[in-house]
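To keep things clear, I will list the structure first and then write my remarks on it.
Note that the coordinates shown come from a computational prediction; the quantities given were computed from them, not determined experimentally.
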Amino acid sequence: MKRSILGLMYLIQGMRKAGVAVDQKLQAIGLRADAFDPGSIIHPSLEWDVLKVIGQDVAPEKGLFIGQHYALAGYGPLLMLLVTSENVRTALEQGIRYQALTHLTGVLSLKYTAQKVALCYAPEDLNSDLGLLRAQCEISGTYKFIQDLYKMMGLSVPQMHIELPFAQPENLQALDIYHDYYGAELQFAAEYAEFWFDADVLNVQIPSADKMTFKIYESKCIAELERLKVDELAPSLVQRVKDYLELQQGVMPTMAETAQALQIPERTLRHQLQQLQSSYKQIREQLIKDKALRLIEYKEYSIEMIAELLGYSEPAAFNHAFKRWFGHSPRQYFK
């Protein structure tokens with residue numbers, strides 16, 4: 001299942017704040033974060049390819065700070081579904097039901113005891129530095145999400161006991177940083193992340209609850225899940241290249257940059273595409289053609305703006321290409 005690109009965008013934003021030279025790393029593979037389309041979706045395998053580039057040599061512990069830059073606004077209809085839920089129990093259950101709409105890559109669940117309940121998060125990978133970095137980001141981001149959501153709903157944040165699936169830092173200064181963020185009730189070396197609070201919290205009524213609005217956003221969440229289910233199977237090489245080139249607007253990555261991002265030697269990429277009766281040039285041109293038609297049919301952009309969005313240095317070059325593709329100039333197509 002594909003995911004919103006917003007998770008990757010917030011990760012990049014957090015890395016910038018943490019002092020990681022993320023923009024230089026992206027530039028090496030032909031990408032500009034500021035040119036990403038916030039409404040686009042990305043296959044997890046491609047997101048991982050990009051993460052391997054930008055996360056290289058970044059200490060996993062930095063994820064504690066990076067994850068604090070995930071924002072509520074990125075959750076769209078899911079956020080509205082949660083804040084219009086009847087009570088905290090319903091909100092938690094809906095968050096788990098629609099966790100594919102979050103920025104998380106692991107698995108959410110609930111755990112109960114006689115007096116306590118925990119929101120649990122099992123990260124996808126805790127065995128590599130890159131996996132640990134992403135887990136630190138996502139667990140830190142989840143804690144911030146819980147706090148921000150309670151404030152948005154007009155509720156007091158409940159006291160929590162938190163367990164983390166990481167080794168306790170030996171450095172006391174580093175340990176203090178964890179306690180400053182997660183609080184005194186903190187335990188390390190757990191099987192996965194657990195946010196424990198009193199079970200009575202489940203019955204707390206949400207002031208912004210609204211059954212009609214809840215139903216509206218429930219249907220929007222279902223529709224968004226269906227959109228993300230497109231191409232659920234592992235993408236072909238042609239699709240991987242296409243997905244990569246679709247990440248941003250403007251000048252597209254070169255074949256060499258695309259090969260580097262996908263961690264395939266350029267010659268191998270060229271040969272494998274030839275075996276699939278395709279080429280980088282064909283994929284790139286078809287993608288530009290599709291984008292050109294979508295932008296023109298949207299009728300909100302001038303020809304000059306469309307040319308710029310598609311990476312052309314001047315409108316005349318775009319006009320020439322468009323006429324070669326479709327037999328009409330863009331202005332004739334407008335009519």
Side-chain angles (χ1 to χ4, degrees), residues 1-14 33 35-51 67 69-110 119 121-124 134 137-138 141-142 144-146 148-150 152-153 206 208-235 239-240 242-249 287 290-291 294-295 297-298 300:
M1 181 178 290
K2 289 188 175 182
R3 291 158 41 82
S4 166
I5 200 174
L6 287 173
L8 179 60
M9 293 177 70
Y10 283 129
L11 180 66
I12 290 169
Q13 179 178 304
F36 285 165
D37 179 359
S40 64
I41 55 179
I42 185 171
H43 196 280
S45 62
L46 177 55
E47 187 175 7
W48 182 252
D49 286 335
V50 176
L51 182 59
H69 293 84
Y70 287 65
L72 285 181
Y75 287 90
L78 176 59
L79 175 61
M80 295 305 299
L81 182 72
L82 299 182
V83 301
T84 56
S85 297
E86 179 182 0
N87 51 36
V88 172
R89 180 193 299 273
T90 303
L92 286 172
E93 290 172 346
Q94 296 305 313
I96 292 171
R97 178 184 178 188
Y98 295 108
Q99 75 168 76
L101 303 183
T102 72
H103 307 321
L104 303 175
T105 58
V107 179
L108 286 169
S109 62
L110 291 174
L119 176 65
Y121 181 62
E124 190 175 59
R134 183 160 69 176
C137 292
E138 294 182 351
T142 298
K144 179 177 183 292
F145 179 85
I146 293 171
D148 290 348
L149 186 63
Y150 263 86
M152 183 177 179
M153 294 188 301
I206 296 175
S208 52
D210 185 286
K211 289 184 178 180
M212 182 177 296
T213 306
F214 179 89
K215 287 293 184 183
I216 291 171
Y217 282 99
E218 184 177 38
S219 65
K220 288 182 180 293
C221 286
I222 292 171
E224 182 64 9
L225 276 184
E226 290 302 312
R227 184 173 82 104
L228 296 178
K229 286 180 181 178
V230 176
D231 300 323
E232 271 196 279
L233 299 177
Q239 189 63 45
R240 288 179 67 196
K242 181 181 177 183
D243 285 349
Y244 187 71
L245 296 182
E246 280 188 322
L247 285 181
Q248 65 178 29
Q249 296 176 334
L287 187 60
D290 292 343
K291 282 189 173 183
R294 287 202 301 269
L295 290 171
E297 290 170 355
Y298 188 51
E300 292 293 327

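- Within the 4.5 Å cutoff, the side chain of Leu79 has heavy atoms near those of the Met152 side chain.
- Here the side chains of Leu149 and Val83 are in contact, with some heavy-atom distance below 4.5 Å.
- Leu92 has its side chain out of reach of Leu108: every pair of non-hydrogen atoms, C-beta onward, lies at least 4.5 Å apart.
- With rounding to the nearest 0.5 angstrom, the CD1 atom of Ile5 is 11.5 Å from the CG atom of Leu11.
- No donor-acceptor distance shorter than 3.5 angstrom exists from the side chain of Lys242 to the backbone of Leu287, with no hydrogens or angles considered.
- Here Glu93 contributes atom CD and Glu86 contributes atom CD; the two are 10.5 Å apart, rounded to the nearest 0.5 Å.
- Thr102 and Leu78 get closest at one heavy-atom pair: CG2-CD2, 3.6 Å.
- A donor-acceptor contact shorter than 3.5 Å is absent between the side chain of Glu47 and the backbone of Ser4.
- Looking at every heavy atom in both residues, Ile206 comes nearest to Ala91 through CD1-CB, 4.1 Å.
- Residues Leu6 and His103 form a side-chain contact, since some pair of their non-hydrogen atoms from C-beta on lies under 4.5 Å apart.
- The side-chain heavy atoms of Asp243 and Lys2, taken from C-beta on, include a pair separated by under 4.5 Å.
- No side-chain donor-acceptor contact under 3.5 Å links Arg3 to the backbone of Pro44.
- Under a 3.5 Å cut-off, the side chain of Tyr121 and the backbone N or O of Gly106 do form a donor-acceptor pair.
- Rounded to the nearest 0.5 angstrom, Ser208 OG and Met80 CE are separated by 7.5 Å.
- Inter-residue side-chain proximity for Phe214 and Leu81 is flagged as met; some heavy-atom pair is nearer than 4.5 Å.
- When all heavy atoms of Arg227 and Ile41 are compared, the closest pair comes out as NH2-CG2, 3.4 Å.
- Tyr70 has its side chain out of reach of Gln13: every pair of non-hydrogen atoms, C-beta onward, lies at least 4.5 Å apart.
- Remark: Lys220 NZ is loosely packed, at most 12 non-hydrogen atoms of other residues, nucleotides or ligands lying under 6.0 Å away.
- A 6.0 Å sphere centred on OH of Tyr98 holds more than 12 heavy atoms belonging to other residues, nucleotides or ligands.
- For the atom pair OG1 of Thr84 and CE of Met153, the computed distance is 10.5 Å after rounding to the nearest 0.5 Å.
- Met1 has its side chain within reach of Leu225: a pair of non-hydrogen atoms, C-beta onward, lies under 4.5 Å apart.
- To the nearest 0.5 Å, the span separating CG on Leu8 from CD1 on Ile12 amounts to 4.0 Å.
- Checking side-chain atoms of Thr90 against main-chain N and O of Ser85 turns up no donor-acceptor pair under 3.5 Å.
- Shown here for Leu247 and Ser40, the closest heavy-atom pair between the two residues is O-OG, 4.5 Å.
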